[in-house]
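Here, residue 1 is the first one in the sequence, and each next residue gets the next number.
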Amino acid sequence: SSGINAEYGGGRMNEIVRNGSHRVGAYLVIYEYIPGKQLVNSKKEPSFWRKLGVLTAELQNKMGEVSYAGFVREHNWDALRAHFTLQHTGPYFPSELIPNVQIDSVIEFSKSLESRLSKFSKQLIHSDINEYNIIVNEMDEISIIDFNDVILSYKVIDLANCIGYMCMAQGSDLQVARNVYEGYKSITTLSTEELLLIYDLIVSRFALSVCNGRSQIEADGANEYVVRCVQDNVQFLRWLSDRGRHEFNAAVLGL
């Protein structure tokens with residue numbers, strides 16, 4: 001499903017799509033049955049993760065062909081806007097649980113991201129390739145679902161999200177991350193400059209997730225799904241920051 005300035009299910013969607021200076025008053029929902037199950041809690045062979053990397057790259061290539069004229073979207077999960085969101089939710093970051101991550105450094109990284117990527121082309125990206133948005137059938141064929149978070153951004157951000165979520169979902173396994181990347185680069189390549197941002201992009205994404213989740217719990221009360229996500233994200237972020245940028249880059253990207 002995809003929302004454009006819509007009221008849906010009794011609550012306002014958390015993004016606004018604008019066409020120039022005018023709001024677009026349309027809402028489109030597309031339903032299609034895709035057989036299979038979510039990837040959650042599934043252990044797979046290395047070839048599966050390479051195949052997911054291939055699919056991620058192929059999806060990016062197809063989305064790169066879509067015209068985005070007039071497409072501007074403000075979204076709470078956009079890495080380029082993380083510093084705006086963290087101005088409000090940053091105080092919820094549990095520094096005592098993740099001592100190797102400083103939320104002020106995450107904010108400064110987000111502020112610098114647009115200029116650091118400005119030499120590269122933007123395109124539409126999925127932006128939320130996680131284990132809940134991957135459907136796998138009995139033959140291990142993969143489908144990616146939920147395009148409700150599509151934004152105009154950079155391919156490396158999409159790849160970083162996918163690598164981070166797959167690594168976390170498989171018990172913090174850098175080899176899984178490596179296999180995803182190996183499949184991805186067999187289809188498309190990114191510059192070394194872009195690749196060296198992936199570690200910090202993952203840290204930024206999961207720090208943002210922790211802060212937004214804890215803020216939501218305080219505002220709306222304990223929600224089982226949100227509580228579990230926060231706990232998983234804190235555990236993964238602590239593990240990742242203990243590994244550090246150098247180990248991640250060597251093990252996953254071969255840099």
Compile the donor-acceptor pairs under 3.5 Å between side chains in residues 36-43 and protein atoms, sequence neighbours left out, one pair per line.
| unit_1 | atom_1 | unit_2 | atom_2 | d |
| --- | --- | --- | --- | --- |
| Gln38 | NE2 | Tyr132 | O | 2.9 |
| Ser42 | OG | Leu39 | O | 3.2 |

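- Thr85 is linked by a side-chain hydrogen bond (donor to acceptor under 3.5 Å, both in side chains) to nothing, counting only residues two or more places apart in sequence or in another chain.
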Could you walk me through whether Leu159 and Leu201 pass the side chain to side chain contact (heavy atoms under 4.5 Å, CB included) test, one step at a time? CA-CA 10 Å; Leu159 176 60; Leu201 283 168; over 6 Å; no
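- Here the side chains of Ile217 and Asn223 are not in contact, with every heavy-atom distance at 4.5 Å or above.
- Closest of all the heavy-atom pairs between Val136 and Asp140 is CG1-OD1, 3.4 Å.
- To the nearest 0.5 angstrom, Leu152 atom CG is 9.0 Å from Asp78 atom CG.
- Counting only distance, with no hydrogens or angles, the side chain of Ser241 and the backbone of Arg238 share a donor-acceptor pair below 3.5 Å.
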Given side chain to side chain contact (heavy atoms under 4.5 Å, CB included), test Leu174 with Val252 step by step and report yes or no. CA-CA 6 Å; Leu174 288 179; Val252 177; 3.8 Å; yes
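- Inter-residue side-chain proximity for Leu55 and Ile134 is flagged as unmet; no heavy-atom pair is nearer than 4.5 Å.
- Remark: Ile198 CD1 to Tyr181 OH distance equals 7.0 Å, nearest 0.5 Å.
- When atom types are taken as modelled, the side chain of Thr56 and the backbone of Leu52 share a donor-acceptor pair closer than 3.5 angstrom.
- Checked by atom type and distance alone, the side chain of Thr188 never pairs as donor or acceptor with a backbone atom of Ala57 at under 3.5 Å.
- Between Arg50 atom CZ and Lys185 atom NZ the span is 12.0 Å, to the nearest 0.5 Å.
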Pair up each side-chain donor or acceptor in residues 118-125 with any protein partner under 3.5 Å, not counting sequence neighbours, and list the distances.
| unit_1 | atom_1 | unit_2 | atom_2 | d |
| --- | --- | --- | --- | --- |
| Ser118 | OG | Ser115 | O | 2.9 |
| Lys119 | NZ | Glu193 | OE1 | 3.2 |
| Gln123 | NE2 | Gln60 | O | 2.8 |

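- In Glu218, the CD atom is not crowded: 12 or fewer heavy atoms of neighbouring residues, nucleotides or ligands sit closer than 6.0 Å.
- Grouped by direct or indirect side-chain proximity (heavy atoms under 4.5 Å, Ile/Leu/Val/Met/Phe/Trp/Tyr only), Tyr92 sits alone.
- Counting heavy atoms of neighbouring residues, nucleotides and ligands inside a 6.0 Å radius, atom CD of Gln87 exceeds 12 of them.
- The main-chain N or O of Ile145 is found under 3.5 Å from a side-chain atom of His126 such that the two form a donor-acceptor pair.
- Between Gly183 and Val54, the shortest heavy-atom contact is O-CG2, 3.3 Å.
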Let's go through Arg116 and Tyr154 carefully: what are the C-alpha distance in whole Å and the side-chain angles of both, what is the deciding distance for side chain to side chain contact (heavy atoms under 4.5 Å, CB included) to 0.1 Å, and is it a yes or a no? CA-CA 11 Å; Arg116 295 170 74 171; Tyr154 299 96; over 6 Å; no
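- Between atom CG of residue Asn161 and atom CE of residue Met166 there is a gap of 10.0 Å, rounded to the nearest 0.5 Å.
- When all heavy atoms of Asn233 and Ser209 are compared, the pair lying nearest together is ND2-OG, 2.6 Å.
- Taken from CG in Leu253 to OG1 in Thr192, the straight-line distance is 9.5 Å, to the nearest 0.5 Å.
- Between the side chain of Ser110 and the backbone N or O of Ala79, at least one donor-acceptor pair lies under 3.5 Å.
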Decide yes or no on side chain to side chain contact (heavy atoms under 4.5 Å, CB included) for Val227 and Gln231, but give the supporting numbers first. CA-CA 6 Å; Val227 170; Gln231 291 172 342; 3.7 Å; yes
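- Side-chain atoms of Gln175 and Asn179 form a donor-acceptor pair, as typed in the model, at a separation below 3.5 Å.
- Nearest heavy-atom pair, Ala160 versus Ile202, reported as atom, atom and distance to 0.1 Å: O-CG1, 3.4 Å.
- A donor-acceptor contact closer than 3.5 angstrom links the side chains of Asp128 and Asn130.
- Following chains of ILVMFWY side-chain contacts shorter than 4.5 Å, one cannot reach Met63 starting from Ile187, and the two form parts of different hydrophobic clusters.
- Judged by distance alone, with hydrogens and angles left aside, the side-chain atoms of Asp173 form no donor-acceptor pair with the main-chain N or O of Cys167 at under 3.5 Å.
- Counting only distance, with no hydrogens or angles, the side chain of Asn133 and the backbone of Ile129 share no donor-acceptor pair below 3.5 Å.
- A side-chain donor-acceptor contact under 3.5 Å links Asn137 to the backbone of Glu141.
- Side-chain N or O atoms of Glu194 include one that pairs as donor or acceptor with a backbone N or O of Ser191 at under 3.5 Å.
- Applying the ring pair (Phe, Tyr, Trp, His ring centres under 6.0 Å) definition to pairs two or more places apart or across chains, those involving residues 191-211 are Tyr165-Phe206, Tyr199-Phe248, Phe206-Phe236.
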Which donor-acceptor pairs under 3.5 Å do side chains of residues 93-105 form with protein atoms, sequence neighbours excluded?
| unit_1 | atom_1 | unit_2 | atom_2 | d |
| --- | --- | --- | --- | --- |
| Asn100 | ND2 | Asp242 | OD1 | 2.8 |
| Gln102 | NE2 | Pro99 | O | 3.0 |

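- If you take OG on Ser143 and CG on Leu59, they are separated by 11.0 Å, rounding to the nearest 0.5 Å.
- In this structure, Phe109 is not a member of the same hydrophobic cluster as Phe84, with clusters built from ILVMFWY side-chain heavy atoms closer than 4.5 Å.
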